[in-house]
Amino acid sequence: MWSNLPFDLLSNIFFFLSPDSFACANASCRNWHKACASTLKNPFLLQKQLHPPWFVALPLRNNSLSCYAHNPTNTNNNWYQLSLDFLPHPIRLLAHLEGLLLVRSSISTVLQLGLCNPFTRQYKLLPMLNIKRTNPAVGVISLSLPAAFGTESFPCFKVYVAGGMSEASRGGATYEPTLEMYDPQLNAWRIVGTMPMEFAVRLTVWTPKESVYCDGVLYWMTSARAYSLMGYDIARNTWRELSVPMADKLEFAVLVLRRGRLTLVGGTCALGGCIWELGEGESWVMVDKVPSELGRRFTGEKGGWDRTKCVGSDGGIYLYRDLRAGMVVWREVDNTTWEWVWIEGCESIRGKQVRNMQIKGVLVHPNLVPSSIF
C-alpha cells in the first residue's frame, strides 16, 4: 500500500512523524528519501511542534565527541548517542535557540560562542566579541518567526553577553560593566548598554550562566550569600534586582519559563523540591511540589538537593543530575493538567553500557532542516 501512495500524500504523512521516525523513513528507500527531502522544504516545518521537546545533554567537563538525547515519546529505545566528530574543537553547552545549541569553545578561557545542530551535523563559530571577556553571563532571546519566511531556515534570535573579566588599561584584569548583543542577520556584535559595577561582579562570579527571557526582561539567577534575581530590561536599558523565596535556605535554585511565566525551581532537605511562579506585585506563589516518593528516589539516602540541575520549557520541567541518574519530570498532559513522572537515566544504548558523567541539559525540538545560518 505504501509504495502506491501518491508522492505528495506520502510527503504530507512524513510531516507528522517524530524526528527519529522521520530519520528511519528517510533511510528506508529511494522513494521515501525523496519524499522526506520534499517534506524538509516545507516552510512550516520549523514552526510545527507536534511532539514534546527532547532532552539533549552534553558532558560538563570532559572533551567527549558525543552528546546524548532522550526522546520522550519512544518508550522502547528512548536514548540516542549523537556523534560530534564534525566539530573542529571541544565545546561546552550554554543554551538552545530555535532547535540549535548555543555553545562555547572550551579550548580558551576567553569567551567565543558558536551554534551547533547535532541532528544535521552543522556548526558555526560566531565572531569574537568587541571586548575580550572571561566568564561573563550569557542570555538568549528567541524571537517569533515571521508568517512567511520562504523555504530556507534562518533562526530568529539574539544573544546577550554581560559582565565578565576583561583586560585593564594599565595591565591585569578588571570587571567589565558593559553588555554586548549578537545579531544573526548582521553576524556581528555591538555594545548595547552598561551596568553598575556591583552587577558586573555578581554576573561574573556568582551566576551559573542560565538565563530566562520574560516580558521584555532578561533574567539571571545569582547566588552571592543568598539567591537573588538580576534582570535587564532590554527596551529601557535598565537593571533591577528581585528577591527569591527562601533565598538563604535553598540548596539549589534555577529559573525556567513555563506558560510564559517566570518560574523558580528550588529545594531543601526539609521542604523537598518546590516550584514557584512570579505573580502580581512581584510576589512568588508556590504552584506545586515534587511528590515525596519521587523526591526520595531522586535525592537518595542523603536526601540533599545541592547537586540538582534543572531545565524547563512551556511543556515540562526536568530535574536531573548525572547522565546515568534518573530524572524527575513535571510535564503537561493537557491544557489544565500536569503530572509528575520518573524517567530512567542513560545507562545503556543499544545494549552497550554508557559511562556516567556530569552533564548539562537543554530541552530542544530536534530540527532536521539544514539552516542557512551555517
Side-chain angles (χ1 to χ4, degrees), residues 13-26 45-59 66-82 93 95-101 116-120 142 210 212 254 256-260 263 265 273 275 287-288 290-291 293-295 297-298 308-352 354 356-357 359-369:
I13 292 174
F14 289 162
F15 177 84
F16 294 94
L17 294 178
S18 63
D20 54 338
S21 298
F22 185 90
C24 291
N26 188 42
L45 185 63
L46 290 180
Q47 294 175 308
K48 82 179 182 83
Q49 295 182 354
L50 304 177
H51 304 278
W54 289 28
F55 178 83
V56 176
L58 266 71
S66 297
C67 69
Y68 302 87
H70 176 268
N71 176 10
T73 62
N74 188 341
T75 58
N76 296 320
N77 180 26
N78 51 5
W79 280 99
Y80 298 89
Q81 183 175 6
L82 304 177
L93 176 62
H96 74 93
L97 286 163
E98 298 292 342
L100 306 178
L101 304 183
C116 171
N117 187 338
F119 297 95
T120 59
S142 294
E210 290 90 353
V212 170
V254 178
V256 299
L257 191 68
R258 188 181 81 97
R259 290 184 169 181
T263 304
V265 185
I275 298 177
V287 295
D288 214 324
V290 177
E293 181 181 348
L294 287 180
R297 187 176 181 182
F298 181 77
T308 302
K309 287 166 277 189
C310 177
V311 63
S313 69
D314 284 342
I317 294 176
Y318 284 59
L319 279 70
Y320 67 97
R321 287 186 167 176
D322 303 326
L323 181 61
R324 290 171 60 94
M327 299 184 289
V328 174
V329 177
W330 193 38
R331 66 188 183 187
E332 184 178 22
V333 179
D334 53 46
N335 291 333
T336 60
T337 307
W338 285 57
E339 66 176 357
W340 288 97
V341 296
W342 176 266
I343 293 181
E344 296 293 344
C346 183
E347 297 185 356
S348 64
I349 297 177
R350 295 183 178 179
K352 184 178 179 180
V354 175
N356 195 26
M357 62 187 74
I359 57 172
K360 179 178 174 61
V362 292
L363 294 178
V364 177
H365 286 93
N367 186 353
L368 302 181
V369 183

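These numbers come from the heavy atoms of this one structure, side chains and all, not from hydrogens, waters or symmetry mates. Throughout, numbering of the chain's residues begins at 1 and tracks the sequence.
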Could you tell me if the side chain of [Y] sits less than 4.5 Å from the side chain of [X], heavy atoms only?
X    : Y    : result
F55  : V329 : no
I343 : Y320 : no
D288 : W340 : yes
V328 : W342 : yes
R321 : T308 : yes
W54  : N71  : yes
K352 : Q81  : no
L58  : L101 : yes

At their closest point, which heavy atom of [X] faces which heavy atom of [Y], and how far apart are they?
X    : Y    : value
P118 : C67  : CB-SG, 4.0 Å
P59  : M357 : CG-SD, 3.4 Å
R258 : T263 : CB-OG1, 3.6 Å
Y318 : P53  : OH-O, 4.4 Å
V354 : L323 : CG1-CD2, 3.5 Å
C310 : V254 : O-CG1, 3.6 Å

### Message
Please check: side-chain N/O of D334 versus main-chain N/O of T337, any donor-acceptor pairing under 3.5 Å?
### Response
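Pair found, side chain donor or acceptor close to backbone of T337.
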### Query
Is a side-chain N or O of N367 found less than 3.5 angstrom from the main chain of N117, in a donor-acceptor match?
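A pair under 3.5 Å: no.
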Rounded distance (nearest 0.5 Å) linking atom [atom1] of [X] with atom [atom2] of [Y]:
X    : Y    : atom1 : atom2 : result
K309 : L319 : NZ    : CG    : 11.5 Å
S348 : R324 : OG    : CZ    : 8.0 Å
H70  : E344 : NE2   : CD    : 9.5 Å
S313 : E332 : OG    : CD    : 9.0 Å
R331 : I317 : CZ    : CD1   : 13.5 Å
Y68  : I359 : OH    : CD1   : 10.0 Å

### Query
Yes or no on side chain to side chain contact (heavy atoms under 4.5 Å, CB included) for W338 and V287, after CA distance, side-chain angles and deciding distance?
CA-CA 11 Å; W338 285 57; V287 295; over 6 Å; no
### Task
Take atom CD of E293 as the centre, draw a 6.0 Å sphere, and report whether it contains more than 12 heavy atoms from other residues, nucleotides or ligands.
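For E293, atom CD is not crowded (no more than 12 foreign heavy atoms under 6.0 Å).
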